[in-house]
Amino acid sequence: AYERKCRYFCRKTNSVVVSVGYRLAPEHPYPTQFEDCLTATIHFLRTAQDHGVDPSRVVICGDSSGGTLTAAVAQALVNRRDLPKLRAQILIYPFLQCVDFNLPSYQQNKGVPILLKERTLVLGLKYVNLDLGIIEELFKGCHVSEDRRLKYQKWVSPDYIPHEFKTRGYKPSPTYLPSKELCEMVKSMFDPVFSPLLAEDSVIPQLPETFILTCEFDVLRDDGLLYKKRLEDHGIKVTWCHLQEGFHGTV
């Protein structure tokens, strides 16, 4: 599915393009996918010159869950002093957080193909090998403990979504009490490898220059908007492209 895209990027940008064939869930459990991408990136940074590449000009890129992996790899490399720094990261409609599945984009685009709201949760739960029976509780936010809610509200909130993105059928959601059992069950989803938007403030300022692409008709639109704000708040240069007619999978 991606070979033509990779060849296109290679040709249009006159770049060396390396596509990582990471192992897939559920046969290979999370976080195998992240570990494969990180291993491949480290190997390439160390051997870039063997491929005629300037190691100071390496950019990593991914779309959808690949955007999640790209963001997680960039974060994992910030404290590596034994490797060249990444030149940039490109995040194409990435999944970035599991705190709020009622952000404006989730409400507005819940029935828009190909990534319906429920499908997003089904894929995410299968990825971390959790029971699909908890989806309704996740929609209500019952998986977020009070202390996590307090910690993450400064990064994940409809309040940080610009007004123009709330004009199309958005209503603030009621708050439900957290379920202690559920909070414990899903704690792996709050790991920044799964939810890169939740990385600590010590990590974000060290990230490379970033390109973020969002689509109007995409449940993940607001993840991109929130990450854009977080990066910019920490002085990271962000190039943002928003496709007004775009939908998830449009690339």
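These values consider heavy atoms only, across backbone and side chains, with no hydrogens, waters or symmetry-generated copies. Counting from 1, the numbers follow the sequence of the chain as shown.
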- Before giving the answer on side chain to side chain contact (heavy atoms under 4.5 Å, CB included), spell out for Leu69 and Asp36 the whole-Å C-alpha distance, their side-chain angles and the decisive distance to 0.1 Å. CA-CA 10 Å; Leu69 292 167; Asp36 283 356; over 6 Å; no

| query | On the ring face of Phe101, is Lys117 found with NZ or CZ under 6.0 Å from the centre and within 45° of the axis? | reply | no

Check: Would a distance-only check, ignoring hydrogens and angles, find a side-chain to backbone donor-acceptor pair under 3.5 Å from Glu200 to Ser202?
Finding: no

(message) Pairing donors with acceptors under 3.5 angstrom, does anything connect the side chains of Tyr152 and Asp100?
(response) no

- Item | Flag side-chain contact, heavy atom, 4.5 Å: Arg80 against Ile42 | yes

When you measure from the side chain of Gln33 to the backbone of Arg23, do you find a donor-acceptor pair of N or O atoms at a distance under 3.5 Å? yes

Heavy atoms of Ala74 and Pro208 approach each other most closely as CB-CD, 4.4 Å

- Message: Less than 3.5 Å apart, any donor N or O on the side chain of Ser195 or Gln97 sitting next to an acceptor on the other?
- Response: no

Between Arg148 and Phe190, is NZ or CZ placed under 6.0 angstrom from the six-membered ring centre and within 45° of the ring axis? yes

Original post:
So, Arg221 side chain and Thr214 main chain: donor-acceptor pair closer than 3.5 Å or not?
Top reply: no

Q) Is there a donor-acceptor pair closer than 3.5 Å between any side-chain N or O of Ser157 and the backbone N or O of Gln153? A) no

Start with the C-alpha distance between Asp222 and Tyr160, add both sets of side-chain angles, then the distance that settles side chain to side chain contact (heavy atoms under 4.5 Å, CB included), and finish with yes or no. CA-CA 9 Å; Asp222 295 349; Tyr160 303 137; over 6 Å; no

Q.
Looking at Cys98, is its backbone amide N or carbonyl O close enough to the side chain of His143 to form a donor-acceptor pair, meaning the two atoms are under 3.5 Å apart?
A. yes

To the nearest 0.5 Å, atom CG of Leu123 lies from atom NZ of Lys126 at 7.0 Å

Open item on the list: Classify the ring geometry of Phe194 against Tyr30: parallel below 30°, tilted from 30° to 60°, perpendicular beyond 60°.
Closed with: perpendicular

Practice prompt. Determine, using ring centers only, whether His51 and Phe44 are less than 6.0 Å apart.
Written response: yes

Side-chain donor-acceptor pair present, Asn102, Lys171, cut-off under 3.5 Å = no

In this structure, OG of Ser64 is separated from CG of Leu115 (nearest 0.5 Å) by 6.0 Å

Do any N or O atoms from the side chain of Thr68 and from the backbone of Phe95 form a donor-acceptor pair under 3.5 angstrom? yes

**Pair Leu138-Leu125, side chain to side chain contact (heavy atoms under 4.5 Å, CB included): steps then yes or no** = CA-CA 10 Å; Leu138 292 179; Leu125 290 171; 3.8 Å; yes

inquiry  = Taking His248's backbone N and O only, do any of them form a donor-acceptor pair with Asp218's side chain (distance below 3.5 Å, no angle check)?
reply    = no

**OP:** Would you check if there is a donor-acceptor pair between the side chains of Glu216 and His242 at a distance under 3.5 Å?
**Re:** yes

